[in-house]
Amino acid sequence: MNEIFNKPYNSKLVEEKIYSLWEKSGFFNPDNLLLTKVKSQKSKVKSFSIIMPPPNANGSLHLGHALMIALEDIMIRYKRMAGFKTLWLPGADHAGFETQIVYDKIIEKEGRSRFEIPREKLYQEIWDFTQKNKAAMENQIRRLGASCDWSREKFTLDADIVSKTQDAFIKFYKDGLIYRGKRLVHWCVKHQTGFSDVEIVHEESQNPLYYIKYGPLVVATVRPETIFGDTAVAVNLKDKRYKNLIGKEIEVDVVIAKLKLKVIADEFVDPIFGTGAVKITPAHDFNDFEIWQRHKNEIEGPREVINKYGKMNLVRHFPDSAEVKKYEGLKILEARKLIIEDLEKRGLIKKIDATYKHNVAKCYKCGTTIEPRLMEQWFIKMAPLAKPAIEAIKSGKIKFIPENFKKIYFHWMKNIRDWNISRQIVWGIRIPAWYHELKCIPRAGHEDKVVKCKEIIISKTEPKCEFCDAKFTQETDVFDTWFSSGQWPFLALGYPDLKEYKNFYPTDVMETGWDILFFWVARMIMLGLYRAGKIPFKNVYLHGLVRDSYKQKMSKSKGNVINPIEIVEKYGADALRMALIVGNTPGTDLAFSEEKVKGYKNFANKIWQASRFVLINTADSNEKAKKVKLTQNDKKRLKEFEALKKKITKQMELFKFYIAAEEIYHYFWHTFCDKIIEEMKPRLNNDNQNDKIAAQYILMEILKGSLKLLHPFMPFITEEIYQHLQLDDKKLLIIEKW
RNA sequence: GCGCGCUUAGCUCAGUGGUAGAGCGACUCGUUUACACCGAGUAGGCCGGGGGUUCGAUACCCUCAGCGCGCACCA
């Protein structure tokens with residue numbers, strides 16, 4: 001017996017060595033698995049595939065990643081052992097906006113700003129930054145034991161991915177599903193980019209509600225500084241108080257000017273709220289924008305009085321006003337304070353309700369109040385995409401684990417709105433649209449045709465106008481990173497040509513956190529159905545968030561973030577994996593405790609010691625030829641183990657890894673170690689050779705079988721021990737038959 | 001406002017139409033040569049409240065309460 005067994009199990013001596021053994025074997029690659037197949041299996045091999053959610057290449061892994069790796073690796077190892085042609089495709093995500101702001105912070109510390117660095121230079125810098133992170137991250141994934149096929153690894157900015165993402169945009173555009181429109185967009189003043197609906201969060205806050213004298217009316221608002229952008233006042237048609245005012249024009253004193261505004265009637269207005277009269281600011285409020293659209297013919301359109309920096313921009317609208325200058329350039333809150341003072345001086349503030357609570361939209365990343373801003377952006381029409389995506393779940397083609405996420409999915413899908421995919425950052429895939437730089441410069445002989453020049457050309461390369469010499473400039477916006485991520489399952493597999501795509505799409509499982517159900521999972525379903533014409537995956541396994549032991553969200557600001565690699569160093573990857581898996585039901589957040597990991601480190605040692613015992617006591621069992629005469633009890637033990645194997649296999653098929661892991665843990669410790677080994681001890685010292693052989697046989701059989709059942713969960717230690725067993729036809733445990 | 005959950009042993013959580021389970025923790029005993037990173041035991045729960053269905057409910061239905069979460073255009 002190897003002397004390594006003379007000491008307690010030391011994961012550090014084992015894990016690195018074993019991982020490189022696996023990697024060298026080539027068995028992570030499904031193509032090599034075929035060679036090892038039993039010859040009798042002539043018929044097509046069943047395949048099993050998972051695309052790894054590519055971790056962001058902008059930092060190191062967190063425990064959520066460790067959970068993801070553990071779950072997916074369990075499925076993969078199980079299926080590989082069960083004889084499937086198994087592909088787990090790893091990747092890394094450029095993570096557009098997320099990485100942009102990580103990098104912003106880095107250069108801020110250096111006293112630089114992304115807004116002052118030339119686009120190409122900044123892009124190159126971030127590229128280098130992500131490549132460095134990517135390499136570090138890959139090693140961390142290895143440390144966790146991931147048996148993924150590194151030879152197929154993809155990055156979300158690989159040339160083919162970029163090109164195909166742009167192709168998708170072009171197709172969507174041609175199909176009339178993408179449009180460019182000047183609309184109100186969620187704008188983060190700090191990050192200087194627009195967002196889609198899912199990048200904002202609503203937060204309850206208490207802000208004074210000001211009742212302002214408004215010509216003959218009184219209106220209530222929390223944003224008095226937008227009064228300069230008012231273009232109408234709305235009431236409800238049924239509101240008797242204001243019936244005679246509808247259609248009339250009123251004069252409103254807004255300090256810097258007197259506005260002539262029309263009173264309109266709109267369903268939206270709730271007569272009970274406030275005064276029943278609403279000031280309409282189409283440029284700075286989503287409702288008001290919609291009201292304007294319904295009353296386009298009656299009232300003036302949006303007047304933008306706040307600029308992209310969240311500062312007042314009034315002079316251009318009110319050049320003749322004497323008062324305007326003191327407002328110009330003020331930040332929103334400063335302007336609010338000043339306008340209230342000025343209105344108060346004029347006796348125009350009727351009431352202030354200081355108890356008013358409402359929900360305010362914030363940037364999901366920095367918490368800055370979102371400023372609705374009028375912008376030309378690219379949108380995808382979602383309703384046509386949502387319909388089949390709802391159907392795919394309803395029909396059961398795609399299953400959710402746990403099931404209750406279906407309801408949340410439906411609720412979101414049914415209320416879906418068009419998706420703003422433009423981002424005003426440099427880190428990402430550039431939108432393949434081009435604009436005329438100048439007015440048309442007619443080419444000789446085409447003077448009459450110039451009117452036909454298109455303003456926008458959709459093309460991956462710089463277009464040339466048929467009739468004129470004007471140059472084109474490329475769209476500076478990049479895609480929302482989720483637009484490309486949403487196509488990841490088929491793009492990573494080389495859609496539409498590669499055999500990988502044909503063999504492995506749709507994939508079997510998409511395993512990810514429930515927190516990106518809308519960001520990612522929903523989009524993959526919609527885009528996969530539309531672009532590839534097929535569902536992207538058959539099962540969606542949604543794991544919970546890993547929180548600290550007090551169930552607090554881990555965050556850098558709280559200082560409770562745990563680095564999974566440090567845990568691996570301390571307790572071993574196998575122990576960490578078990579701690580993340582056992583008792584962790586899908587969809588439920590996990591309270592992570594180091595104590596639990598410690599417990600499974602002890603378990604690893606238990607496996608080690610039990611194996612040591614078996615190795616010591618079977619060392620002399622080289623008389624393999626001898627028949628084994630099993631006792632009644634031996635047979636019972638083997639039967640018991642078969643039953644366990646069945647049970648665990650069933651749990652694996654049902655994605656109940658949290659139970660399967662516990663079952664094998666419990667069996668190994670409390671049946672194999674506590675009972676069976678104890679039962680065998682006297683027999684091993686017995687003079688009766690037959691009985692001794694039987695005891696040795698039982699020990700070895702059950703140890704071997706247990707190592708297999710344990711392997712998906714605790715791959716390192718099981719492989720290490722397996723390599724020390726003296727067996728005929730021994731292969732690597734990763735490819736042994738389940 | 002619309003929607004989704006959760007409430008089971010001190011803690012973290014499983015679970016099932018037949019009167020409760022695991023891990024950790026606590027306590028007692030034990031140094032028996034695989035393992036003290038151990039073993040043998042013990043204690044601990046009207047399964048949130050109320051009502052209903054049922055021969056029988058922790059589990060199914062209704063309702064109340066507390067907690068958590070998602071979505072959302074009430075100025």
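Every value quoted in this text rests on a predicted model; they were computed, and no experiment measured them. First the proteins, then the strands, lettered A, B, ... as listed; each starts at 1.
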Between residues 205-223 of chain A and RNA chain B, which residues have a heavy-atom gap below 4.0 Å?
A:Ala220

Answer yes or no: is there an ion pair linking A:Glu663 with A:Lys656, defined by an N-O contact shorter than 4.0 Å?
no

Span that lies between the C1' atom of B:rU53 and that of B:rC62, in whole angstrom
10 Å

Separation of atom CG in A:Asp674 from atom C1' in B:rU32, rounded to whole Å
14 Å

Close N or O pairs between protein and nucleotides 6-8 of chain B (under 3.5 Å):
none

Assess the side chains of A:Lys279 and A:Thr226: does a donor N or O sit below 3.5 Å from an acceptor N or O?
yes

For a side-chain hydrogen bond (donor to acceptor under 3.5 Å, both in side chains) check, start with the C-alpha distance between A:Asp589 and A:Trp514, then their side-chain angles and the critical distance, and finish with the verdict.
CA-CA 10 Å; A:Asp589 292 353; A:Trp514 58 255; 3.1 Å; yes

If you find the nucleotide of RNA chain B closest to A:Phe405 and the one closest to A:Glu595, which residue's nucleotide is nearer the 5' end?
A:Phe405

Whole Å only: how far is the CG atom of A:Asn605 from the C1' atom of B:rC37?
5 Å

All ring pair (Phe, Tyr, Trp, His ring centres under 6.0 Å) counterparts of A:Phe668, not counting sequence neighbours
A:Phe672

Please measure how far the C1' atom in B:rU32 lies from the corresponding atom in B:rC38, and state the result in whole Å.
11 Å

Nearest-nucleotide comparison on RNA chain B, the residue closer to the 5′ end among A:Lys675 and A:Thr275
A:Lys675

Which whole number of Å gives the distance between the P atom of B:rC64 and that of B:rG56?
26 Å

Is it true that A:Asp548 and A:Lys558 make a salt bridge, defined as a side-chain N closer than 4.0 Å to a carboxylate O?
no

Spacing of the P atoms in B:rU19 and B:rA57 (rounded, Å):
12 Å

State whether A:Trp608 and A:Lys606 meet the cation-pi test: NZ (Lys) or CZ (Arg) under 6.0 Å from the six-membered ring centroid, and within 45° of the perpendicular axis.
no

State whether a side-chain donor-acceptor pair under 3.5 Å links A:Asp634 with A:Tyr697.
no

Regarding A:Glu640 and A:Arg637, does a basic nitrogen lie under 4.0 Å from an acidic carboxylate oxygen?
yes

Indicate, with yes or no, if the rings of A:Phe713 and A:Phe657 have centres closer together than 6.0 Å.
no

When you check the gap from the basic side-chain N to the acidic O, do A:Lys394 and A:Glu391 get nearer than 4.0 Å?
no

Categorize A:Ile677 for me: base, sugar-phosphate, or nothing, with a 4.0 angstrom heavy-atom threshold over every strand shown.
base

With A:Arg577, which residues qualify under salt bridge (charged side-chain N to carboxylate O under 4.0 Å, His left out), at least two apart?
A:Asp73

Provide the full list of salt bridge (Lys or Arg N to Asp or Glu O under 4.0 Å) pairs with a residue in residues 264-274 of chain A, sequence neighbours left out, each pair given once.
A:Asp266-A:Arg294

Interatomic distance where CD belongs to A:Gln609 and C1' belongs to B:rC38 [whole Å]
10 Å

Dot-bracket line, read 5' to 3' along RNA chain B, where crossing pairs take [ ] and | marks a partner on another strand, Watson-Crick or G-U under 3.5 Å:
(((((((..((((.......)))).(((((.......))))).....(((((.......))))))))))))....

When the distance from CD of A:Glu267 to P of B:rC74 is rounded to whole Å, what number comes out?
17 Å

Provide the distance between the two C1' atoms, one in B:rA59 and one in B:rU42, to the nearest whole Å.
29 Å

Inter-nucleotide P distance (B:rA40, B:rU33), Å rounded:
15 Å

Check the pair A:His724 / A:Glu720 against side chain to side chain contact (heavy atoms under 4.5 Å, CB included), numbers first and verdict last.
CA-CA 7 Å; A:His724 290 286; A:Glu720 169 70 15; 2.8 Å; yes

Separation of atom CZ in A:Arg547 from atom P in B:rG68, rounded to whole Å
11 Å

Quick check: any donor-acceptor pair below 3.5 Å linking the side-chain of A:Lys606 to the base of B:rC35?
yes

Find out whether A:Glu511 and A:Met68 are in side-chain contact, i.e. whether some heavy atom of one side chain is under 4.5 Å from a heavy atom of the other.
yes

How far, in whole Å, is B:rG15 from B:rA36 if one measures between their C1' atoms?
33 Å

Would you measure the distance from the C1' atom in B:rU54 across to the matching atom in B:rG10 and give it in whole Å?
36 Å

Does A:Met652 form a side chain to side chain contact (heavy atoms under 4.5 Å, CB included) with A:Thr649? I'd like the steps, not just the answer.
CA-CA 5 Å; A:Met652 299 299 275; A:Thr649 305; 5.6 Å; no

Euclidean distance, atom CZ of residue A:Phe655 to atom C1' of B:rA14 [Å, nearest integer]
20 Å

Under the rule for ring pair (Phe, Tyr, Trp, His ring centres under 6.0 Å), what residues qualify as partners of A:His358, not counting sequence neighbours?
A:Tyr356

Return the CG to OG1 distance between A:Asp230 and A:Thr281, rounded to the nearest 0.5 Å.
4.0 Å

Within this structure, what is the OH-to-P distance between A:Tyr550 and B:rC67, rounded to whole angstrom?
23 Å

Could you tell me the separation between the CD atom of A:Gln651 and the P atom of B:rG15, rounded to a whole number of Å?
10 Å

Write out a two-atom table: protein N or O, nucleotide N or O from nucleotides 70-73 of chain B, distance below 3.5 Å.
unit_1	atom_1	unit_2	atom_2	d
B:rA72	N6	A:Asn359	ND2	3.0
B:rA72	N1	A:Asn359	ND2	2.9
B:rC73	OP1	A:Arg417	NH1	2.9
B:rC73	OP1	A:Arg417	NH2	3.1
B:rC73	OP2	A:Arg417	NH2	3.4
B:rC73	O4'	A:Asn287	OD1	3.1
B:rC73	O2'	A:Asn287	OD1	2.9
B:rC73	O2'	A:Asn287	ND2	2.3
B:rC73	N1	A:Asn287	OD1	3.1
B:rC73	O2	A:Asn287	OD1	2.9

Between residues 658-673 of chain A and RNA chain B, which residues have a heavy-atom gap below 4.0 Å?
A:Tyr658, A:Glu662, A:Tyr665, A:His666, A:Trp669, A:His670, A:Cys673

Should A:Lys681 be listed as having a side-chain N or O under 4.0 Å from OP1 or OP2 of B:rU32?
no

Ignoring hydrogens and angles, write down the donor-acceptor pairs under 3.5 Å from the side chains of residues 398-408 of chain A, residues two or more places apart or on other chains.
none

Could you write out each protein N or O paired with an N or O of nucleotides 10-13 of chain B at a distance under 3.5 Å?
unit_1	atom_1	unit_2	atom_2	d
B:rC13	OP1	A:Lys551	NZ	2.3
B:rC13	O2'	A:Gly583	O	3.3

So does A:Lys362 have more than 12 non-hydrogen atoms from other groups sitting under 6.0 Å from NZ?
yes

For A:Glu569, which residues count as a side chain to side chain donor-acceptor pair (under 3.5 Å) partner, sequence neighbours excluded?
A:Arg143

